[in-house]
Amino acid sequence: MAHSKNRATDGKITYPPGVKEISDKISKEEMVRRLKMVVKTFMDMDQDSEEEKELYLNLALHLASDFFLKHPDKDVRLLVACCLADIFRIYAPEAPYTSPDKLKDIFMFITRQLKGLEDTKSAQFNRYFYLLENIAWVKSYNICFELEDSNEIFTQLYRTLFQVINNGHNQKVHMHMVDLMSSIVCEGDSVSQELLDTVLNLNKQAYDLAKALLKRTAQAIEPYITNFFNQVLMLGKTSVSDLSEHVFDLILELYNIDSHLLLSVLPQLEFKLKSNDNDERLQVVKLLAKMFGAKDSELASQNKPLWQCYLGRFNDIHVPVRLECVKFASHCLMNHPDLAKDLTEYLKVRSHDPEEAIRHDVIVSIVTASKKDLSLVNDHLPGCLYWRVRKEAMMGLAQIYKKYALQAEAGKEAAKQISWIKDKLLHIYYQNSIDDRLLVERIFAQYLVPHNLETTERMKCLYYLYATLDGNAVKALNEMWKCQNMLRHNVKDLLDLIKQPKSDSYNKAVFSKVMVITRNLPDPGKTQDFVKKLAQVLEEDEKIRKQLETLVSPSCSCKQAEVCVVSTVSLHLAGKSTCSYRHRIHQSHSFISFFSALIKQVNKSIEGTADDEDEGVPTEQAIRAGLELLKVLSFTHPVSFHSAETFESLLGCLKMEDEKVAEAALQIFKNTGNKLEESFPHIKSVLLPVLQHKAKKGSPRQAKYAIHCIHAMFSNRDTHFAQIFEPLHKSLDTDNMEQLITPLTTLGHLAMLAPEQFAAPLKSLVANFIVKDLLMNDRIPGKKTTKLWVPDDEVSPETLAKIQGLKLMVRWLLGVKNNQSKSGNSTLRMLTAILSSDGDLTEQGKIGKPDMSRLRLAAGCAILRLSQEPCYHEIIALEQYQLCALVINDECYQVRQAFAQKLHKGLCRLRLPLEYLAVFTLCAKDPVKERRAHARQCLVKNINLRREYLKQHAAVSEKLISLLPEYVVPYAIHLLVHDPDYVKVQDIEQLKDIKEALWFVLEILMAKNENNSHAFIRKMVENIKQTKDGQCPDDPKINEKLYTVCDVAMNIVISKSTTYSLESPKDPVLPARYFTQPDKNFSNTKNYLPPEMKSFFTPGKPKAANVLGAVNKPLSATGKLQTKLSRMETISNASSNSNPSSPGRSKGRLVSQTHIHVSSLIYTTIYKILVFTKKKKKRVQFSMKSPSETEKPSRGRKRGAAANQDDKVQESKPKRGQKKAANTSTDDAEDQWGEDSSMAEASMETEDEQNSPPKRGRRGRPPKSAASKDETPSKGRRGRRKTAPPADEENEEEQEEEEDDEDDAGSENIEVKPKGRRGRKPRLVAADTASDSVESTPQKRRGRPPKSQTAARKLSDIFP
């Protein structure tokens, strides 16, 4: 032994027997051979061989030299590494190497060799495995604990092992790696952040290795993991690790591996749920949703404080957070039914969320869970599921409805619980997407009224379905049948075209019809090719053409339709689009063969033998709904009604006392009885006397339909008309006004349908009776009231008769369609006189204010009707047009509302000239927010409609001035120039109003810069500035106003557009009636705006204009008192009126919070009171009604910059029940979406508003503080009407007459009750309990001449 030590000290290297010296002088192969022998020697040695240990000590030192550690050959390096591993094993616990640097070099060398483990198919893999096994078993790396660079060594080892691990390794390799790494964690003093990052930042293949390591070392590594998350989550030190960005992903993975790793981290998550950072809260919510929702998770029961804190995020102020919570709900409901009670309570609240996407996901969550177990949908949820849903949710709802309602698998209670589904599904038909509408059609045929039911059962199903649908669902179903019918007619037109000889016009006509059909199918771009192919097949194959003719025939049965579809379309055309086409054609025949069964079902209800009560429908409701259903189907399938049984049943309905039933029966006769005279003479003989009686003695609507029935059904209509006209004409008597309404209605429709037959008596009737006796005399004094509107049943008979007299005049003119007798001029003078006198034509003061409002509305709508006829539009003077336009700013809310509806409908039909679109600019400063929103929606829809029409009808380019929406700008400018409230040319407040009105329309026009339209508008305004006002060309003040308004428009365009300076695509053509020809010698470059106006033109891109909600329906808002000539408070375009939400969405809108500084508020209030007192003599207050919701901007929307001090004055007292800030504590954030304070808020708001200081008045509107509580608007209709292709002239006139009748039918078509928020009880405003507000007598009406000018008006001035 002493000899060996001496040898070691001498530095002489002893090699194993048979091994010669290993140096750089031998070849690589020889070196490998010798090293293998050395490896074998060390492998056979054990720790007890003291002599051999001393003998080979120098060899061990030699093998650790740089010559071997840096040798270029990998085989040499591997053998040396194996030797070194054995050396550490043999010499343990004391290594033969004492230098820290040498130890570091050795272990880094061994780590590098471990990379060879990656290739499991390598010839040397066993040696690499031996190396790993050796160092893992011996725990060789533990030696490095004492080294300063130990962290670098361990980190490199971990990285290497995580890099080389792969699916090719067996369990032993995996186990040895875990042993090696876990010994470092468990036996070391600490785990550095760099090493922890290496463990946590892994690829997919290393996941299992890290998972096993973390499970093995959970207790030891947990403090370091906790410290890491504490640094990142609590202290915000994201620089401590590159993994800080993925901290929440790490928490989830660690929780899935071993929850004990996060014992101290979960409380930190509760803190993070209350963070002020929206994104941070969202990330934590996403994380906890996965942790709580996991199938076997017990986190909710183990950590209840965290669960309750998470539930609070359902009420988070940040939309994505609430959305994530709702998405999590369905997963959790299915995996954890025990949590259903907590979740459903919060889902109930979120079902009324103002965000549509959240409401949609509530539907998806509930549908998904209820398909598994209906009991999960408790009693609180049936009202939750509404608004837009996608395909999966809709199909899920439909399947639930069929399962529990039609098949009654869970009894009547379950069926009642989900009865709302049918309505909500049909509501989806209001969506713009053709895919949504096609899906609704498919759901209707498969689930709501399944096509595979037996005929009688199917019609019974349809009958009671229709009787129990809500109003909006009924409209949607009617629209669905209408669209299907239109498609069938379009296909029939295509077939008729194909039969014609080919020519250039033929090709254009076929292409146009193909485009129309394509728009009724999904993805029109791709579908167009399929429909073109269909047209080619129809041209070439006569057999297929005949089968398709059978398919679109009104007499085609369902079985025939199925055969035709299968044998034609599906065999010759493939693809999704064709399937949709086939489906739509087939669906249009779904009920043709079932009318007999449907009529029998209606008869059973009439006879009292139906089981209406068992179906939960009162008999009267069932009968009325059944006739309404038949009326709708009579439009789409009139041929199917041609049977004696059907007509006899309808005759029986005419004799019923219910007026609605009789009206529906008359409409069905009108739609279906064109061949009744020939085919059913016995029915004719009985029907004619009934129609004549209804025309003379029935209700006004019955009289109208009776006249139209006679016109549509009988050949000798002139004789029948005469038999009705003569006695009614002679019996007209103004002494009994109630008996005068129906005769005037009948005579009005006779005048429209047969103007030439009764030309002479009608002219005399209008001039002598209508004008002189009826309109120019006020016989019965009206009730003294400050109300501006009352329900129909409270309107005086005299006023109703006068309204019918005005309609008679208009219908007569529309029937004549010429102005040769100058009757049009006289009628227009009469109508404008009514408007000028505020509805009191005689100006004797006998008419009550509600009656005056009715007459103003009737006069304004009459001018709109006449304007749709070109011969009368030409004779309407600009002053008359402007006076008519001012009706949209009427003092009465209901007048404004109904007039806007009529205006919108006329514009949507492209019947009203484009200048009437400019009238909506006057709505910009309407005090009722929802009126502004509705006006904006009307503008959006009309502008989009015209743009779409121009795209589809390229041939009408010569009519651009009457169709291109940008041409509304000159009309809007001219209308604002002659605005009677624009008095002082340079007045800042008045110019701000002008700016708001112009931006109201320009924002929508400039939302899309199509064909460089911004430059076109700029050029148009420049051209106007070079002209003079066509109405008053010699008035310098009017021309100065014109140029000033042009400068306002120009500044808006410049501030909101970046392309205005480009070249205009076309040279604009200005309307000659409104502007003079430009003077070539005149160049107007002067800026007419005062310098103070510059600050009001803020740069920014216009918001995209979307059609939101149903623009044809009355909105749930009414006005408040406002001074007529006072200035309206404006709200900036950044506020809610710039991007209004739909009527349906406004229901879920919540009250916004506003901070008001007390001292500033007091100062502003005093100032406003002083100004108000100073100008009080010049103001006129008038009454307008508004529900409280319309004055409150929606929660979450910031008020714009232009919502200035005037807005703040309005809110001098915070409304009771509101929170003072939107971003306060977490509890506030949770409460702001709740509903507990809704009733208190609703009951106190009226008082709060009355206590507010008066606002500065705004143009044409009364101050909101003087609101009249008596005008209680009734509930309006919801839904959107689809724009139908232009029908023939007669049908359009009949449709207009139908709308006129809606005005007669009742105030529910005009007034609107304030709708309470979803989930809250609506505020009750009763007319009989509210006190009348005192109103000052108007001294001057907006835009109307003073009474001193009209009091002396003679009858000869109106009718010469």
Side-chain angles (χ1 to χ4, degrees), residues 225-238 243-256 259-294 297-333 335-336 338-350 353 355 357-358 361-362 365 1195-1196 1219 1221-1234:
I225 291 177
T226 300
N227 179 65
F228 164 65
F229 286 122
N230 185 61
Q231 294 284 323
V232 177
L233 294 177
M234 306 302 292
L235 302 180
K237 297 181 179 180
T238 56
L243 295 176
S244 300
E245 298 178 0
H246 311 285
V247 62
F248 298 112
D249 295 331
L250 284 174
I251 291 176
L252 177 62
E253 293 300 332
L254 291 173
Y255 180 79
N256 292 334
S259 60
H260 293 89
L261 292 168
L262 302 174
L263 288 176
S264 303
V265 176
L266 293 179
Q268 299 177 16
L269 296 180
E270 185 175 345
F271 172 79
K272 282 297 177 183
L273 278 175
K274 301 177 182 179
S275 168
N276 291 328
D277 188 297
N278 291 337
D279 293 335
E280 193 171 50
R281 289 200 313 279
L282 177 60
Q283 288 180 303
V284 179
V285 165
K286 287 182 177 180
L287 167 66
L288 289 176
K290 296 173 183 176
M291 294 171 67
F292 283 123
S297 173
E298 297 180 357
L299 182 60
S301 58
Q302 293 173 350
N303 199 327
K304 290 186 178 180
L306 183 60
W307 170 245
Q308 291 299 323
C309 188
Y310 175 79
L311 289 176
R313 293 307 97 209
F314 275 83
N315 299 327
D316 197 282
I317 194 172
H318 192 44
V319 173
V321 173
R322 303 198 304 276
L323 186 62
E324 191 62 35
C325 289
V326 169
K327 287 180 178 179
F328 146 81
S330 65
H331 188 62
C332 192
L333 278 172
N335 289 341
H336 303 281
D338 54 306
L339 301 177
K341 183 178 179 180
D342 290 340
L343 289 171
T344 52
E345 287 296 328
Y346 284 90
L347 285 176
K348 174 188 174 184
V349 178
R350 289 284 60 77
D353 198 281
E355 286 296 324
I358 294 177
D361 278 5
V362 170
S365 298
R1195 182 189 301 272
K1219 297 174 182 58
N1223 296 320
T1224 54
S1225 67
T1226 305
D1227 295 335
D1228 289 339
E1230 295 174 4
D1231 290 341
Q1232 68 177 326
W1233 298 104

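Everything quoted here is computed from the prediction, not taken from an experiment.
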Would you mind reporting whether L254 and F229 have side-chain heavy atoms less than 4.5 Å apart? yes
Could you tell me if the side chain of V362 sits less than 4.5 Å from the side chain of D353, heavy atoms only? no
Just how far is it from atom [atom1] of [X] to atom [atom2] of [Y], taken to the nearest 0.5 Å?
X    : Y    : atom1 : atom2 : answer
K304 : L299 : NZ    : CG    : 12.5 Å
D249 : L252 : CG    : CG    : 7.0 Å
R313 : K274 : CZ    : NZ    : 8.5 Å
L273 : L282 : CG    : CG    : 11.0 Å
D277 : H318 : CG    : NE2   : 8.5 Å

In chain order, what residues pass the side chain to side chain donor-acceptor pair (under 3.5 Å) check against [X], with sequence neighbours excluded?
X    : answer
Q268 : none
D342 : W307
S301 : none
N278 : R281

Work out which heavy atom in [X] is nearest to a heavy atom in [Y]; give both atom names and the distance.
X    : Y    : value
L269 : V284 : O-CG1, 3.9 Å
L339 : C332 : CD1-SG, 3.6 Å
V285 : C325 : CG1-SG, 3.7 Å

Take I225 and L250 through the side-chain contact (heavy atoms from CB on, under 4.5 Å) test and state the conclusion after the steps. CA-CA 10 Å; I225 291 177; L250 284 174; over 6 Å; no
Indicate yes or no for a side-chain donor-acceptor contact from [X] to the backbone of [Y] under 3.5 Å, with no hydrogens or angles considered.
X    : Y    : value
H336 : A294 : yes
N335 : G293 : yes
R322 : D316 : yes

Residues forming a salt bridge (charged side-chain N to carboxylate O under 4.0 Å, His left out) with K272, sequence neighbours excluded: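 Salt bridge (charged side-chain N to carboxylate O under 4.0 Å, His left out) list for K272, sorted by chain: E280.
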Let's go through M291 and L287 carefully: what are the C-alpha distance in whole Å and the side-chain angles of both, what is the deciding distance for side-chain contact (heavy atoms from CB on, under 4.5 Å) to 0.1 Å, and is it a yes or a no? CA-CA 6 Å; M291 294 171 67; L287 167 66; 3.6 Å; yes
Ring pair (Phe, Tyr, Trp, His ring centres under 6.0 Å) filter on Y346, not counting sequence neighbours, yields F314
Below 30° counts as parallel, above 60° as perpendicular, anything between as tilted: where do the rings of Y310 and F328 land?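 Taking F328 first and then Y310, their aromatic rings stand perpendicular (interplane angle over 60°).
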